[in-house]
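Any value given below was found using the heavy atoms of this structure, including those in side chains, with hydrogens, waters and symmetry copies removed.
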Amino acid sequence: MIITRRHRHTMPQLNTASLPDLIFTVLFFFMIVAHMRNTTPRISIEEPRGENLVAQNRQGDIYLYVSWQDGQLLTQLNNDLIPSEQLPEALAAATSEATEQPTVILKADRQTPMHCIQNVKLMLRNAGLQNIKYAAVPQKQDPH
């Protein structure tokens, strides 16, 4: 009678020598792809909600934050808090630095009265800034 021995096949060890290279490659990928914020809002803003929103970020955009708090209009142009009376001069200074027509990203608080936003839009028009984009957050989906 012939005795046959069964050999147990063992699974080979997983080679982890290239794992640090893979981790650093993924880290560098996310560092390159991630969008870094250029401006830091100093005004508290609750952005309005909207539908069919498109995310667009370009270099050279001008960020304008508008909020109505305690009966006064607060404005922030890029990183600088500016009184609303000095906004036309600040817009003129911001556009003089740009080589092409910049786009203004208007981020307004939900509770800001529309007449204040109309006044800001008029100041933008007088400064020669015709490209305006309004920032909003997506609407929450109704669970029903």
Side-chain angles (χ1 to χ4, degrees), residues 1-70 72-114 116-121 123-125 127-144:
M1 182 166 187
I2 300 174
I3 299 175
T4 60
R5 293 188 183 180
R6 293 185 180 160
H7 293 288
R8 292 197 173 240
H9 295 287
T10 60
M11 181 169 264
Q13 294 283 330
L14 181 63
N15 186 5
T16 60
S18 64
L19 195 59
D21 294 335
L22 179 67
I23 290 172
F24 281 114
T25 303
V26 171
L27 176 70
F28 286 131
F29 172 77
F30 284 116
M31 286 173 55
I32 291 171
V33 173
H35 171 70
M36 302 302 279
R37 181 180 288 196
N38 294 335
T39 60
T40 304
R42 297 181 188 175
I43 306 171
S44 63
I45 291 180
E46 183 183 348
E47 293 186 38
R49 302 192 185 282
E51 296 177 2
N52 301 328
L53 302 176
V54 178
Q56 294 180 346
N57 291 324
R58 293 186 354 205
Q59 292 292 90
D61 287 346
I62 297 174
Y63 289 88
L64 181 61
Y65 299 89
V66 179
S67 179
W68 181 261
Q69 295 176 3
D70 299 329
Q72 65 179 4
L73 184 65
L74 301 176
T75 56
Q76 177 183 341
L77 184 64
N78 290 334
N79 281 327
D80 303 322
L81 287 173
I82 297 173
S84 58
E85 301 83 28
Q86 297 176 0
L87 188 59
E89 294 86 15
L91 288 170
T95 55
S96 66
E97 299 169 0
T99 57
E100 62 181 38
Q101 179 77 15
T103 300
V104 177
I105 310 292
L106 183 61
K107 293 187 174 192
D109 187 43
R110 290 179 76 176
Q111 304 303 323
T112 303
M114 195 60 194
C116 295
I117 295 177
Q118 291 292 351
N119 290 341
V120 170
K121 284 174 46 179
M123 290 180 202
L124 291 170
R125 187 180 310 143
L129 296 167
Q130 301 294 327
N131 297 333
I132 302 172
K133 293 182 180 174
Y134 302 95
V137 293
Q139 282 185 342
K140 293 181 181 176
Q141 297 295 326
D142 190 21
H144 296 100

E89 side chain vs L91 backbone, donor-acceptor pair below 3.5 Å: no

Over all heavy atoms of both residues, which pair between M123 and P88 is shortest? Give the atoms and the distance, please. SD-CD, 3.9 Å

Partner of T103 under side-chain contact (heavy atoms from CB on, under 4.5 Å), picked from L129, I132, N131, is N131

Criterion side-chain contact (heavy atoms from CB on, under 4.5 Å) against F30, the qualifying member of L27, I32, V26: V26

Rounded to the nearest 0.5 Å, what's the gap from NZ on K121 to SG on C116? Could you check? 13.0 Å

Show me the donor-acceptor pairs, under 3.5 Å and distance only, between side chains in residues 12-19 and residues at least two apart or in other chains.
residue, atom, partner, partner atom, Å
N15, OD1, A17, N, 3.1

Has the side chain of T75 got a donor or acceptor atom that lies under 3.5 Å from a matching backbone atom of I82? yes

When rounded to the nearest 0.5 angstrom, what is the spacing between CG in L64 and CD in Q76? 9.0 Å

Interatomic spacing from CH2 in W68 to CE in M114 - rounded to 0.5 Å: 14.5 Å

side-chain contact (heavy atoms from CB on, under 4.5 Å), paired with L124, selected from V104, L87, I62: V104

Show the nearest heavy-atom pair for residues N78 and Y65, with the distance to one decimal. O-CE1, 4.1 Å

My understanding is that only residues two or more places apart in sequence, or in another chain, count here; which of them pass side-chain contact (heavy atoms from CB on, under 4.5 Å) with P83? E85, Q86

